[in-house]
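Working notes, structure below.
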Amino acid sequence: MKLNHLNSLLIFWVLISGGAHAEFVDRAKQQGLDFVHFNGMTGQTLFPEMMGAGAAMLDIDRDGDLDLYLVQGELLGEGVSMDQAVFKPAKGAPLTDRLFRNDLNNGVSQFVDVSEQSGLKAAPGYGMGLTVIDANGDGWPDLYRSGFGGNQLLINDRKGGFKDETSSWGADDDRWSITAVPIDYDHDGWMDLYIVNYVNFSFQTQKTCRSNYDAPDYCSPQSYKAVGDRMLRNVDGKRFENVTNLVGIGNVDAPGLGGVAGDFNGDGLTDLYIANDGASNFLWLNQGKKTFIDEALLAGVAVNMTGTPEASMGVDAADFDADGDLDLFMTHLNRQTNTLYVNDGQGWFMDTTGRSVLGASSFAYTGFGTRWFDYDNDGWLDLFSANGAVVKIESQDREGDRFPLKQYNQLWRNVGAGEYEDVSDQYAESLQRLRVSRGAAFGDVDNDGDTDIVVTNNAGPVELLINDHEAGHHWLGLDLRLQGGQLALGAEVSIAVGDRILRRRSRTDGSYLCAHDPRILTGLGSYSDPVDIEIRWPDGSAQSLKGLSTNRYHTLEQPNS
């Protein structure tokens, strides 16, 4: 997908006519993010080496800007040495996770590596994903790190670092965990964790698979036995209790990769949608009795419109069509297309992928990290997909590429009426780079009122795509907090913009392996007048506020009941 002559003329016309210019500029190195993912491959095509890794945006020191935590890999295989690594790390580069503090100054982020002074130590196992959760309810964001070979709960020490509290909290899972979803499923005020697990892979069970042109290749998840997910209930902000069987999710195994929480049927209870790789997806509907029932098949979101399970990787949920309910979007394997499920308002969904134009444009790609976000602040939710193959691309392999899984990333603009336009070619400099992209974390890192993207690349450098869109559109930012300063994850906001109602949620989940800016950032298009909003807090209480000024962030704390 190279920038063709027609698109070049179009962009030139926009620039000379004084029209809005949109661009994502990779400023990772310029702004201090010197990080290259080490995937640990030694030529054995070990399954975990091409699946990671993630990133988390969080305000670790509560200074009002987003810091960044990046997950690192490790050498994979038994009896191997660093001399055998296909991609050796740079001399002196630490092979541990890294924490970068954001020192925002005059609207420009400068990231400083504070990993050493933060007390960050080598984590157990091979890192995969990150989840932001205020486990102890003290108002400071904590992290849950999932991986192959052990998970980790990192409690914020309020001094710019973390303390490993995995053991004392009972938070580990010794299976291959991909990600975790924060959810207060029992509505007791404490954030619980749904852990998404993958397959029973080990170096002893490694299987030999081959490509369609008879070259050694990565195996599919169906080559291994799937394992079950886990629900950890938060007990008074002091420990986790394994309630997997009690809540009703312990009787099924599936190769899970992604997950997102939300009220999908409008009954006021928080549900879960889990994206499984090559198997039917789960829609765990909350029964209000601390139990869940999988209604994915009945609701129309277990398989695609042809009745076929797909290789679901990334997932997100949002009200993209502004009709008041949560819709679903998933990224998939090439030749399957990504999938859009539209909610009818009662939790019944229709696969509208073909009509949305999202199908044909994604057919040649394998998508991972994804999210609905309004990149141009026109009030409509757009889509991004971080792409990278999982089986070797023959042309790259034959040309001698040592990691022949590289693809371009994609951006779709919401043009209304349930349709999207692939505008990736308009961002040739930043999006049209051949990478093995995996994670995508979204947030406003420079607090200028538009959404930036951090893209993690397997065996490649991290990318910080700064949004330099100049459409002149207005926006509203909301930092929602419970009493005591805790993030109000799950809070929903209705924003009156002229004759439209925009509905958004405070959340950090979705995408793939990544955690996002918990603040609500809503584009308002040309609407600049003060706006009226209604908040439904996580406990179900409602609050109305009138006349909030636009083009700024508001910190709002839940009032006393």
Side-chain angles (χ1 to χ4, degrees), residues 14-15 18-33 55-68 100-112 371-384 411 413-414 423 426-427 429-431 440-455 462-480 487 493 495 497 502 504 506-508 514-531 533 548-556:
V14 170
L15 290 174
H21 172 57
E23 183 58 280
F24 285 96
V25 181
D26 180 13
R27 295 202 179 106
K29 285 194 173 181
Q30 178 184 344
Q31 296 183 193
L33 290 180
M57 291 181 175
L58 72 167
D59 186 0
I60 182 178
D61 46 10
R62 293 188 59 173
D63 65 349
D65 54 40
L66 293 170
D67 310 301
L68 186 64
F100 292 88
R101 187 186 67 225
N102 185 355
D103 289 345
L104 186 62
N105 185 25
N106 293 323
V108 178
S109 294
Q110 189 64 37
F111 288 92
V112 179
R371 190 170 173 88
W372 262 304
F373 74 117
D374 186 359
Y375 81 92
D376 53 4
N377 280 347
D378 66 352
W380 293 98
L381 293 174
D382 312 301
L383 279 165
F384 176 88
L411 177 68
R413 179 174 175 266
N414 188 335
V423 296
Q426 297 180 22
Y427 303 88
E429 178 63 28
S430 54
L431 298 188
F442 297 76
D444 185 2
V445 301
D446 46 15
N447 286 346
D448 66 349
D450 52 33
T451 303
D452 311 300
I453 312 173
V454 169
V455 178
V462 67
E463 294 175 278
L464 174 63
L465 302 182
I466 295 295
N467 189 338
D468 281 342
H469 194 274
E470 299 173 1
H473 290 153
H474 301 282
W475 56 278
L476 176 72
L478 301 172
D479 185 359
L480 302 183
L487 293 174
V493 179
I495 305 165
V497 181
L502 304 180
R504 303 289 187 261
S506 174
R507 60 199 182 99
T508 62
C514 290
H516 317 280
D517 188 347
R519 298 174 297 181
I520 294 172
L521 177 57
T522 305
L524 305 175
S526 60
Y527 191 88
S528 61
D529 295 337
V531 296
I533 69 171
L548 270 65
S549 56
T550 59
N551 301 323
R552 58 160 292 190
Y553 281 99
H554 300 263
T555 300
L556 304 175

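What you see below is based on every heavy atom in this structure, not just the backbone, and it leaves out hydrogens, waters and symmetry mates. Everything quoted here is computed from the prediction, not taken from an experiment.
A search for ring pair (Phe, Tyr, Trp, His ring centres under 6.0 Å) contacts involving Tyr527 returns nothing, not counting sequence neighbours. Val25 is linked by a side-chain contact (heavy atoms from CB on, under 4.5 Å) to Glu23, Arg27, Asp468, counting only residues two or more places apart in sequence or in another chain.
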After noting the C-alpha distance and the side-chain angles of Asp479 and Leu556, does the key distance pass the side chain to side chain contact (heavy atoms under 4.5 Å, CB included) rule? CA-CA 6 Å; Asp479 185 359; Leu556 304 175; over 6 Å; no

Can you list the steps and then say if Leu476 with Val531 is a side chain to side chain contact (heavy atoms under 4.5 Å, CB included)? CA-CA 9 Å; Leu476 176 72; Val531 296; 3.6 Å; yes

Check step by step if side chain to side chain contact (heavy atoms under 4.5 Å, CB included) holds for Val462 and Val454. CA-CA 7 Å; Val462 67; Val454 169; 3.7 Å; yes

Checking Tyr553 against Leu521 for the side chain to side chain contact (heavy atoms under 4.5 Å, CB included) test, could you report, in this order, the C-alpha distance in whole Å, the side-chain angles of both residues, the deciding distance, and whether it holds? CA-CA 8 Å; Tyr553 281 99; Leu521 177 57; 3.9 Å; yes

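Residue Ile495 holds its CD1 atom at 11.5 Å from OG1 of Thr550, rounded to the nearest 0.5 Å. With rounding to the nearest 0.5 angstrom, the CG atom of Leu431 is 6.5 Å from the CG atom of Leu465. A distance of 13.0 Å separates CD1 of Ile533 from CZ of Arg504, quoted to the nearest 0.5 Å. In this structure, the separation between CG on Leu464 and CZ on Phe111 is 5.5 Å, given to the nearest 0.5 Å. Between Gln110 atom CD and Asn102 atom CG the span is 9.0 Å, to the nearest 0.5 Å. Note: Leu411 CG to Leu383 CG = 8.5 Å, rounded to the nearest 0.5 Å.
Between Arg101 and Ile60, every side-chain heavy-atom pair lies at or beyond the 4.5 Å cut-off. In this structure, Asp374 and Asp382 have side chains that are in contact, with non-hydrogen atoms separated by less than 4.5 Å. The shortest side-chain heavy-atom distance between Tyr375 and Arg413 falls under the 4.5 Å cut-off. Using a 4.5 Å heavy-atom cutoff, the side chains of Leu548 and Leu478 are in contact.
Not a single donor-acceptor pair under 3.5 Å links the side chain of Asn377 to the backbone N or O of Gly525. Checked by atom type and distance alone, the side chain of Asp26 pairs as donor or acceptor with a backbone atom of Ala28 at under 3.5 Å. With hydrogens and angles disregarded, no donor-acceptor distance shorter than 3.5 Å links the side chain of His473 to the backbone of Leu524. Side-chain N or O atoms of Ser506 include one that pairs as donor or acceptor with a backbone N or O of Pro518 at under 3.5 Å. When atom types are taken as modelled, the side chain of Asp446 and the backbone of Ser109 share no donor-acceptor pair closer than 3.5 angstrom. In terms of modelled atom types and a separation under 3.5 Å, the side chain of Asp444 and the main chain of Thr451 share no donor-acceptor contact.
Nearest heavy atom pair, residue Phe24 against residue Ile453, reads CE2-CD1, 4.1 Å. Across all their heavy atoms, Ala441 and Ala515 have their closest contact at CB-O, 3.7 Å.
Checked by atom type, the side-chain pair His474/Asn551 shows a donor-acceptor distance below 3.5 Å.
Using cut-offs of 30° and 60° for the angle between ring planes, the Phe373 and Phe384 rings count as perpendicular.
For residues 515-524, the set of pairs meeting the side-chain hydrogen bond (donor to acceptor under 3.5 Å, both in side chains) definition, not counting sequence neighbours, comprises Asn447-Arg519, Asp517-Arg519.
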